[in-house]
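Take a look at the structure below.
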Amino acid sequence: MRFSRLLVPTTKETPNDATLASHIFLIRGGFIQSVGGSGLYNFLPLGKKVLDRVRGVVKEELDNAGCQEVSLSFVTPASLWEESGRYEKYGKELLRFKDRKDNEFVLGPTHEEMMVNLVRQSVKSYKQLPLNLYQINLKFRDEIRPRFGLMRGREFLMKDGYSFHTDEADMKREFNLMEETYKKIFTRLGLEFRVVEADSGAIGGSGSKEFMVLADSGEDTIVVCDGCDYGANIEAAVRQEKQCDAPAPQLGSEKVHTPDASTMEELASFFNVDPFYLVKTVAMRALYDEGKSQIVLFALRGSDELQEVKACNAVDANELVEVSEEELEAAGLVPGFMAPFDTPKEVRVVVDTTLKGATHLICGANEKGYHTTGNTIEGDFAYHDIVAVQEGDACAKCGGTLRYTKGIEAGHIFQLGTRYSEPLGCTFLDENGKAKPMVMGTYGIGVSRLLAAIIEQHHDEKGCIWTKESAPFDLYIMVSNIKDEAQLALGEEVYEALQSAGIDVLFDDRKDRFGAKMKDYELIGIPHAVIIGKKLSDGLVEFVTREGMVKEEVPSEEIVSFIRERLC
RNA sequence: CGGAGUGUAGCGCAGUCUGGUAGCGCACCUGGUUUGGGACCAGGGGGUCGAAGGUUCGAGUCCUUUCACUCCGACCA
């Protein structure tokens, strides 16, 4: 491709809403163009090329693993979503609309329903299973706050795959195969990543893993162990039960006047005890379908923090929101002095598992200005793991130290079970002619997000540095001064020779000066370049590696074979 | 949805307080010079100043309403 013919509107200036390197360079490098600035982007020729290459890697590995590509209709009848029960549960991110006949539709944010529908219509026998179908198509999620360019757009390209099995064991086999396949994909794309245990969120099901591309700019906090390969999203991370060296307060069961102590710090210093022996009672409002809601008290040790996703799962709610003090008082609770005991009966209580059987605890007295000491937690509370793992906690697997790191969620695989096949009646006949729901797995990769993830990991202050398998072109050739006939002639010659050798070359034949072309090259970030310039009079050209901007001088007559050796 | 802010040329911004010819940089077009780090000179095109209503002889500027977007918090590939 000749640069002079390619639509690459590079800019010197940074768009004012871009803060992330990937966002800045994808826009400045002319890869993408913002549409109305609301999480919608056009892919320009360069961006489309990268997208296609990344998509190609994904497709190749999936096909090798025995998956089959399909393409599902983007507009989905709402009735399917009603069948699965997600029409309500999915919330406002689901874009709903009506056609001219007033029939309701949604724009697919994910396609479990559609794929199950496809399979239930065409698969009837155990002989047709297992089956792994995928598509690489647009998704639309009406995000509350789209941002960071391709990292969190409203419309995005996603690979979503679904597998169907006769039993749990076969689904797990496929799940493991997909984990290995995903590792191959991310490795080929040149990404440094970590596979972590994850929460299943709105998709449902059990046992899910996320593929986190490590980057400081990542939106997810992941917990990793420095002693073993344990890794988990903060939303799902577990730890060894915490121990406390400080002595337990030896106080009997009494009510103590604590007028100014309502926070954990104040309370700990008031009683002069470790926060480990305090009970923190956090009130949240749990939201359910059809506008129902309930106040829930979450009790945990004063030394711990509530993990909201875990808490939300514990009460099976759609969402947890904060509760105002007024609402708490109206429900008969005393903000700042709440206890998990003797609560009004419309208030639900969830206790962290580590408090089960705990003694010598200090907690609120359900009375303004008072706490009680010498409490023991026993009996039939609803016990759940609701705490956030903290840095420095001990790994449950090996006892090593857990640390936080930031990641970009690039892939997520789920063991779904019969969460969708059952309500949607996706069954097969087994050897005995008996109908059973298929056991499913589901597997996603954020393909357009991968472009952002690659740049987050591979850039410098000057621009993008694409990896071998993601680069829009294999090589860039610059003719420094196109008025210099010798330079231009050699450029044309090398360009032709490499093109016919199957190397995808971007030939910069523009009239601009050296500096301007160099800036564009650095911004666009093709892995290697050949610069035909001044040194041609000494019979030399330069071979540049974008990573580190390393320059090597090569005799001009050897450049074609040199490149074929380096790039192939 | 809560908090903060911004809407003026394709992009980045000034002008708004104090009403009076709509400006600057980048980009774009023409001609010329220049060619190893985002060149220079000369000329040129491009705007219902987010929208609606009001005040006024006159509104980008003042008043009212409204919409959109961005940033900080809770969702997700």
Side-chain angles (χ1 to χ4, degrees), chain A residues 9-19 27-28 30 33-40 58 90-94 109-111 136-148 150-161 182 198-203 208 210-213 218-220 233 235 284-285 287 308-309 311-312 318-322 324 407-414 442-453 462-463 478-484 487-488 510-523 531-536 542 549 551:
Chain A
T10 58
T11 63
K12 248 189 280 195
E13 299 196 61
T14 302
N16 68 353
D17 60 331
T19 50
I27 299 267
R28 285 194 48 211
Q33 180 184 57
S34 169
V35 182
S38 55
L40 304 175
V58 172
Y90 216 92
K92 286 193 172 169
E93 273 172 44
L94 184 62
T110 170
H111 279 170
I136 301 175
N137 265 347
L138 276 183
K139 296 286 175 291
F140 190 91
R141 290 187 192 171
D142 200 357
E143 291 277 348
I144 305 163
R145 195 146 106 74
R147 59 183 141 175
F148 304 141
L150 295 185
M151 198 71 91
R152 176 173 303 280
R154 288 199 293 175
E155 186 181 278
F156 57 99
L157 190 68
M158 177 163 129
K159 170 263 156 177
D160 50 323
Y182 275 32
D199 172 65
S200 299
I203 309 283
S208 82
E210 286 170 334
F211 292 74
M212 291 289 185
V213 172
E219 292 186 84
D220 287 86
N233 192 304
E235 297 169 354
M284 304 284 285
R285 181 176 291 281
L287 305 183
E308 267 193 47
V309 173
C312 188
N318 292 346
E319 195 183 345
L320 291 182
V321 295
E322 287 179 23
S324 68
I408 299 163
E409 184 183 356
H412 200 159
I413 58 178
F414 298 80
T442 178
Y443 321 95
I445 294 180
V447 178
S448 47
R449 175 180 282 181
L450 275 176
L451 305 208
K462 291 171 174 168
M478 186 211 291
V479 172
S480 179
N481 179 0
I482 63 159
K483 286 205 174 156
D484 182 316
Q487 288 183 19
L488 185 59
R510 292 176 302 169
K511 194 169 166 286
D512 297 62
R513 300 165 66 113
F514 177 85
K517 287 190 270 201
M518 206 59 197
K519 291 284 183 197
D520 276 346
Y521 167 67
E522 285 162 339
L523 194 52
I531 296 173
I532 299 169
K534 265 183 167 176
K535 290 172 184 159
L536 184 59
E542 283 164 294
M549 288 304 289
K551 295 181 181 175

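Order of the sequence lines fixes the chain letters, A, B, ..., with proteins taken first and strands second; residue numbering starts at 1 for each chain.
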Whole-Å distance, A:Met212 CE to B:rA77 P, equals 10 Å
Rounding to an integer number of Å, can you tell me how far A:Asn233 CG sits from B:rC75 C1'?
13 Å
Atom CD of A:Glu219 and atom C1' of B:rA77 are separated, to the nearest Å, by 11 Å
To the nearest 0.5 Å, tell me how far A:Ile531 CD1 sits from A:Met478 CE.
4.5 Å
How would you summarise protein contacts on nucleotides 9-16 of chain B per nucleotide, using B for base, S for sugar-phosphate only and - for none, with heavy-atom distances below 4.0 Å?
--BSS---
Can you list everything that forms a salt bridge (Lys or Arg N to Asp or Glu O under 4.0 Å) with A:Lys139? Sequence neighbours excluded, please.
A:Asp160
Which value, in whole Å, describes the distance between the C1' atoms of nucleotides B:rC62 and B:rU70?
26 Å
Expressed in whole Å, how much space separates the P atoms belonging to B:rU55 and B:rC63?
15 Å
Who are the salt bridge (Lys or Arg N to Asp or Glu O under 4.0 Å) partners of A:Glu542, not counting sequence neighbours?
A:Lys535
Looking at every non-hydrogen atom in both residues, tell me the closest pair between A:Thr11 and A:Leu523 and how far apart they are.
O-CD2, 4.0 Å
Taking B:rA77, B:rG73, B:rG38 as options, the one with an atom nearest any side-chain atom of A:Asp520 is B:rG38
Mind calculating the distance between CG (A:Asp199) and C1' (B:rC75) to the nearest angstrom?
11 Å
Complement of B:rU35, any strand, by Watson-Crick or G-U distances under 3.5 angstrom:
none
Minimum-distance nucleotide (side-chain atoms of A:Lys12 versus B:rC26, B:rC76, B:rA77):
B:rC26
Per-nucleotide protein contact string for nucleotides 28-37 of chain B (B base, S sugar-phosphate only, - none; heavy atom under 4.0 Å)
------BBBB
A:Leu450 vs A:Ile445 side-chain heavy atoms within contact, under 4.5 Å:
yes
Applying side chain to side chain contact (heavy atoms under 4.5 Å, CB included), can you list everything that pairs with A:Lys12, at least two apart in sequence or on another chain?
none
Under a 3.5 Å cut-off for both distances, is B:rG60 Watson-Crick or wobble paired, and to whom?
none
Quick check: do A:Glu409 and A:Asn233 have side-chain heavy atoms less than 4.5 Å from each other?
no
Quiz question: going by heavy-atom distance under 3.5 Å, is there a donor-acceptor pair between the base of B:rG38 and the side chain of A:Arg28?
yes
Just checking A:Asp484: base, sugar-phosphate only, or nothing, at a heavy-atom cut-off of under 4.0 Å?
nothing
Does B:rC76 pair with anything, Watson-Crick or G-U wobble, both distances under 3.5 Å, and if so, with which nucleotide?
none
Looking only at atom P, what distance separates B:rA14 and B:rA77, rounded to whole Å?
39 Å
Could you give the distance separating B:rA27 and B:rU61 at their C1' atoms, to the nearest angstrom?
28 Å
Taking a pair to mean Watson-Crick or G-U wobble geometry with both distances below 3.5 Å, B:rU21 pairs with none
When the P atoms of B:rG20 and B:rG15 are compared, how many Å lie between them, rounded to an integer?
14 Å
Using the C1' atom in both, what is the distance from B:rG47 to B:rC1, to the nearest Å?
36 Å
Does A:Glu210 reach a base, just sugar-phosphate, or nothing at all? Heavy atoms under 4.0 Å.
nothing
Expressed as a whole number of angstroms, how long is the span from A:Tyr182:OH to B:rA77:C1'?
9 Å
Rounded distance (Å) that lies between atom P of B:rA77 and atom CG of A:Asn137
17 Å
Hey, does A:Val309 reach any base, or is it just sugar-phosphate, or nothing, if we go heavy atoms under 4.0 Å?
sugar-phosphate
Got a sec, which residues hit salt bridge (Lys or Arg N to Asp or Glu O under 4.0 Å) with A:Arg152, two or more places apart in sequence or on another chain?
A:Glu143, A:Glu219
Quick check against the 3.5 Å criterion: does A:Ser480 have a side-chain atom that pairs as donor or acceptor with the backbone of A:Phe514?
no
P atom, B:rG58 versus B:rG5: distance in rounded Å?
33 Å
How many whole angstroms separate atom NE2 of A:His412 from atom P of B:rC76?
10 Å
Under 4.5 Å between any side-chain heavy atoms of A:Lys517 and A:Ile482, yes or no?
yes
I'd like to know if A:Arg152 reaches the base of B:rC76 with its side chain such that a donor and an acceptor end up less than 3.5 angstrom apart.
yes
Give me the distance, rounded to whole Å, that separates B:rC13 from B:rU8 when you measure between the P atoms they each carry.
10 Å
Separation of B:rC75 C1' from A:Arg154 CZ (nearest whole Å):
15 Å
Across all strands, who's sitting opposite B:rG46 as a Watson-Crick or G-U wobble pair, both distances under 3.5 Å?
none
A:Val213 side chain near A:Arg449 side chain, heavy-atom distance below 4.5 Å
no
